Amino acid sequence: MSTTPELAILNPVEEVLRKDRIPTIWCPGCGIGTTVNSFAYALMGTGIDLKKTAIVSGIGCSGRVSGYMALDSFHTTHGRAIPFATGLKLANPELNVIVYSGDGDLTSIGGNHLVHAARRNMDLLVVCVNNMIYAMTGGQAAATTPGNSMSTTTPYGSFEPEICLPQLVDACGAVFVARWTAFHVKQLERTMAKALKKKGFRFIEVVTPCPTLYQRRNNMGDGLAAMMDYKNSQQDQERRPHLRSGHGARRRYHRR
Amino acid sequence: MTHADPRCVLTGTHFINGDAACCEGALAAGARFAAGYPITPSTEVVERFASRAPTVGGIFIQMEDELAASIALQGMVWAGQKSFTVTSGPGYSLMMEHIGLAAMTETPCVFVNVQRGGPSTGLPTLPAQGDMMQARFGSHGDYSTISLVPSTPQECFDLTVTAFNLAEQFRVPVMFMMDECVGHMTEKVVIPEASEIELYPRRRASKPPGEFLLFEPGPDLVPEMAHAGEGYNVYVTGLTHDNRGYPLMNPKMQRELITRQFEKISRAADQLTIVESEGVEGADVVIVAYGITARVSRRAIQMARDKGLKVGLLRLICVWPFPEKLIRELAPKVKALVMPELNMGQVVIELERCAGGKCKVISVPHPGGTVHKPADILEAIERGAQ
């Protein structure tokens, strides 16, 4: 038995976390927890009624986020967090409903629901943690995996270009679209806070590292190396990652 | 029990089809929310609901596909409402994943399937009863739910109310297995006064947040329910979970959870033996049938009785769980059980198992597209009576 004394150090965001669910399942260097930290600060900072706030996830590493938040948490089926959230919001419009899930979940298997929720301007905030890979199942290529990437199902490199989520969701009519990376924690928090207070279909993509299953196979270093990449690939004066066809993250080489 | 809200009940005598009656049944049962996707021959239900729901403070949303519809309705339920969806074969196949989710998360809701010929696109406008085994076993993993089968538009109303009541009582998804014939058949439907319609209320949390456990079984093994926005911080997952709802994936928890979810249904076997029997006492041959096929069987029975044969009818209204005890008691008393179905022989497998070799079991299969010829059923009766 460990005899480590109890440290009187409080996690500043623990009031919105389910403490009995910690530690998380996430790997060292993973960016999902970083996004959750920004989200937790945003939730606390906006002063929205947490008793009237529900969080819905699909399946995957990011699909576990709902279960770590001290809110009404729904861990649904793969790709279907958005339609579940749609039903929840319609039947109780008082609820703030947040969908928090991963790229494979929301845009590959659940792509149709993303398109249509944006089209009907459903009053939801969707946070898509994009680690560019199916991580929970061991690193298979997703619709968001950059072209030419190595993954367990693309051992000769991915032949398919990746989808650009902000452009897609914008084209479908979303009223609020943003993209940050796991490096931009303060910007992400501010954007989340802004989105939480807005009505209509809001979409935030957060590009995050998956050192275990994406970075490593593609010679991209560890989580810290990814942070440097994100920092250095900032394109414009407002210090936002650019919104071209690809990601702010480094790609092995450009196809177009 | 509570009573129906008079604003939602279209009391009176109507001349409507089964699809419309099902819609009115859902409204009377307190469902003001539904999610759907159009598919023949079920579309009339949601068309009517889309028109009726806003007049009683409800919402119908047409989702992008049946996968979405079948989970959106569960969002509605966890927001505190009663909800349902309506589909037919191909859509029902897409909904399978979320029937499993509803079973696992014990979400009370109703899935209406107006059955048509299959497999695949099959016969979109013609009847069949080919989804009966799918209603029982269609989603992956082990679960136990309830399936009701109406055989008249009047029953489409009455049994839809029952379906919602059973869903609330047992916290399971209830399958309402209509067919194209019953759905599109127009007949007299009497809708009673709201005060005469009894409803099983949602089993709401009786303890305050902090003390309440979302999946703690009650005396009848059914847990109480708290919804989003009520301050309980509910945690609902499709993973194997403990009484708090937290994922706990090990063989012990799996055994505890799945066994309880089966037992809450199997314990109520007597309540869930819902049949209509006619002339079964002293009969040599009993037709066991459900839905539209039971109506066709009546003609065959008449023809057989004209020939002097002693024939009865046992109409299954609740097909799943199967009325096992009833069949075990009946089998030794008759020469034969005859089961006509608009499929190649699905429920008859269960009938044969329960008869246990105590009598002949004769299947009268039919691939669907139309109903049986009474003569075909008569032929089976005559074989059974020998």
Side-chain angles (χ1 to χ4, degrees), chain A residues 15-21 25 49-59 63-64 66-99 109-120 122 124 172, chain B residues 31-35 37 53 57-83 85 94-102 104-105 107 109 139 209 214 226-239 241 244-247:
Chain A
E15 70 173 88
V16 292
L17 299 178
R18 288 183 194 263
K19 283 180 284 178
D20 49 357
R21 296 288 301 153
I25 61 160
D49 185 355
L50 298 181
K51 281 188 178 168
K52 296 280 177 200
T53 304
I55 182 163
V56 186
S57 290
I59 299 296
R64 293 303 189 91
S66 62
Y68 296 125
M69 306 305 297
L71 303 168
D72 286 312
S73 310
F74 296 95
H75 181 221
T76 63
T77 52
H78 195 22
R80 320 299 170 200
I82 289 177
F84 185 96
T86 299
L88 203 59
K89 179 70 190 181
L90 283 177
N92 184 355
E94 280 184 13
L95 294 173
N96 308 301
V97 183
I98 298 133
V99 172
I109 187 168
N112 195 29
H113 310 308
L114 179 68
V115 164
H116 288 282
R119 173 184 66 81
R120 57 170 73 98
M122 198 59 219
L124 303 172
C172 294
Chain B
R32 287 185 287 126
F33 290 81
Y37 185 85
I59 288 177
F60 168 72
I61 184 163
Q62 183 173 315
M63 296 300 287
E64 50 274 14
D65 57 28
E66 284 92 347
L67 282 155
S70 57
I71 195 166
L73 83 93
Q74 297 183 48
M76 293 164 172
V77 173
W78 282 99
Q81 298 291 343
K82 286 187 182 180
S83 181
T85 190
L94 290 184
M95 290 182 178
M96 282 301 132
E97 181 178 18
H98 295 135
I99 289 172
L101 178 73
M104 189 54 138
T105 57
T107 303
C109 53
S139 193
L214 190 59
H227 304 103
E230 293 177 352
Y232 283 89
N233 283 358
V234 299
Y235 189 153
V236 179
T237 175
L239 290 168
H241 47 270
R244 294 172 296 176
Y246 286 10

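Note that the structure is a prediction, hence the values are computed from the model and not measured. Lettering of chains follows the sequences in order, A, B, ..., and the numbering in each one begins at 1. Excluded from the calculations below are hydrogen atoms, water molecules and symmetry mates; all remaining heavy atoms, backbone and side chain alike, are included.
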Quiz item: What part of B/Ala35 gets closer than 4.5 Å to chain A, counting heavy atoms only: side chain, backbone, both or neither?
Solution: neither
Quiz item: What part of B/Pro209 is in contact with chain A, defined as an atom under 4.5 angstrom from a non-hydrogen atom: side chain, backbone, both or neither?
Solution: neither
Quiz item: Taking B/Gln81, B/His98, B/Met104, B/Glu230 one by one, which has the highest count of heavy-atom pairs under 4.5 Å against chain A?
Solution: B/His98
Quiz prompt | Part of B/Arg32 within contact of chain A (heavy atom distance under 4.5 Å) | solution = neither
Exercise. Tell me, for A/Arg18 versus chain B, whether the close heavy atoms (under 4.5 Å) come from the side chain, the backbone, both or neither.
Key: side chain
Quiz prompt | Among B/Asn233, B/Ile61, B/Val236, residue most engaged with chain A (heavy-atom pairs, under 4.5 Å) | solution = B/Asn233
Self-check item: Spacing of CG belonging to A/Leu71 relative to OG belonging to A/Ser66, to within rounding of 0.5 Å
Solution: 9.5 Å
Self-check item: Any donor-acceptor N or O pair under 3.5 Å, side chains A/Thr86, A/Arg120
Solution: no
Exercise. Below 4.5 Å from any heavy atom of chain A, which atoms of B/His227 appear? Answer side chain, backbone, both or neither.
Key: backbone
Self-check item: Most contacts with chain B, counted as non-hydrogen pairs under 4.5 angstrom, among A/Asn112, A/Asn92, A/Val115
Solution: A/Asn112
Exercise. Kindly determine whether B/Trp78 and A/Asp72 satisfy side-chain contact (heavy atoms from CB on, under 4.5 Å), including the steps that lead there.
Key: CA-CA 10 Å; B/Trp78 282 99; A/Asp72 286 312; over 6 Å; no
Quiz item: Taking C-beta and beyond as the side chain, do A/Met69 and A/Leu17 meet within less than 4.5 Å on heavy atoms?
Solution: yes
Practice problem: Name the member of A/Ile82, A/Ile55, A/Leu95 that forms the most heavy-atom pairs with chain B at distances under 4.5 Å. | Solution: A/Leu95
Quiz item: For A/Ala85, which residues count as a side chain to side chain contact (heavy atoms under 4.5 Å, CB included) partner, sequence neighbours excluded?
Solution: A/Val56, A/Val97, A/Val99, A/Leu124
Exercise. Quick one: do B/Met63 and B/Thr85 satisfy side-chain contact (heavy atoms from CB on, under 4.5 Å)? Show the steps, please.
Key: CA-CA 11 Å; B/Met63 296 300 287; B/Thr85 190; over 6 Å; no
Exercise. Go through B/His241 and B/Tyr235 one step at a time and tell me if the side-chain contact (heavy atoms from CB on, under 4.5 Å) criterion holds.
Key: CA-CA 10 Å; B/His241 47 270; B/Tyr235 189 153; over 6 Å; no
Quiz item: Is it the backbone or the side chain of B/Phe33 that comes under 4.5 Å from a heavy atom of chain A, or both, or neither?
Solution: side chain
Quiz prompt | Winner by heavy-atom pair count (cut-off under 4.5 Å) against chain A, out of B/Pro247, B/Ala228, B/Gly238 | solution = B/Ala228
Quiz item: Does the side chain of A/Ile25 reach to within under 4.5 Å of the side chain of A/Tyr68, using non-hydrogen atoms?
Solution: yes
Quiz item: What option among A/Asp20, A/Ile59, A/Asn96 has the most heavy-atom pairs under 4.5 Å with chain B?
Solution: A/Asp20
Exercise. Check whether B/Leu101 gets within reach of chain A through its side chain, its backbone, both or neither, counting any heavy atom under 4.5 Å.
Key: side chain
Practice problem: Side-chain contact test, heavy atoms from C-beta onward, threshold under 4.5 Å: evaluate it for B/Glu97 versus A/Arg80 and give yes or no. | Solution: yes
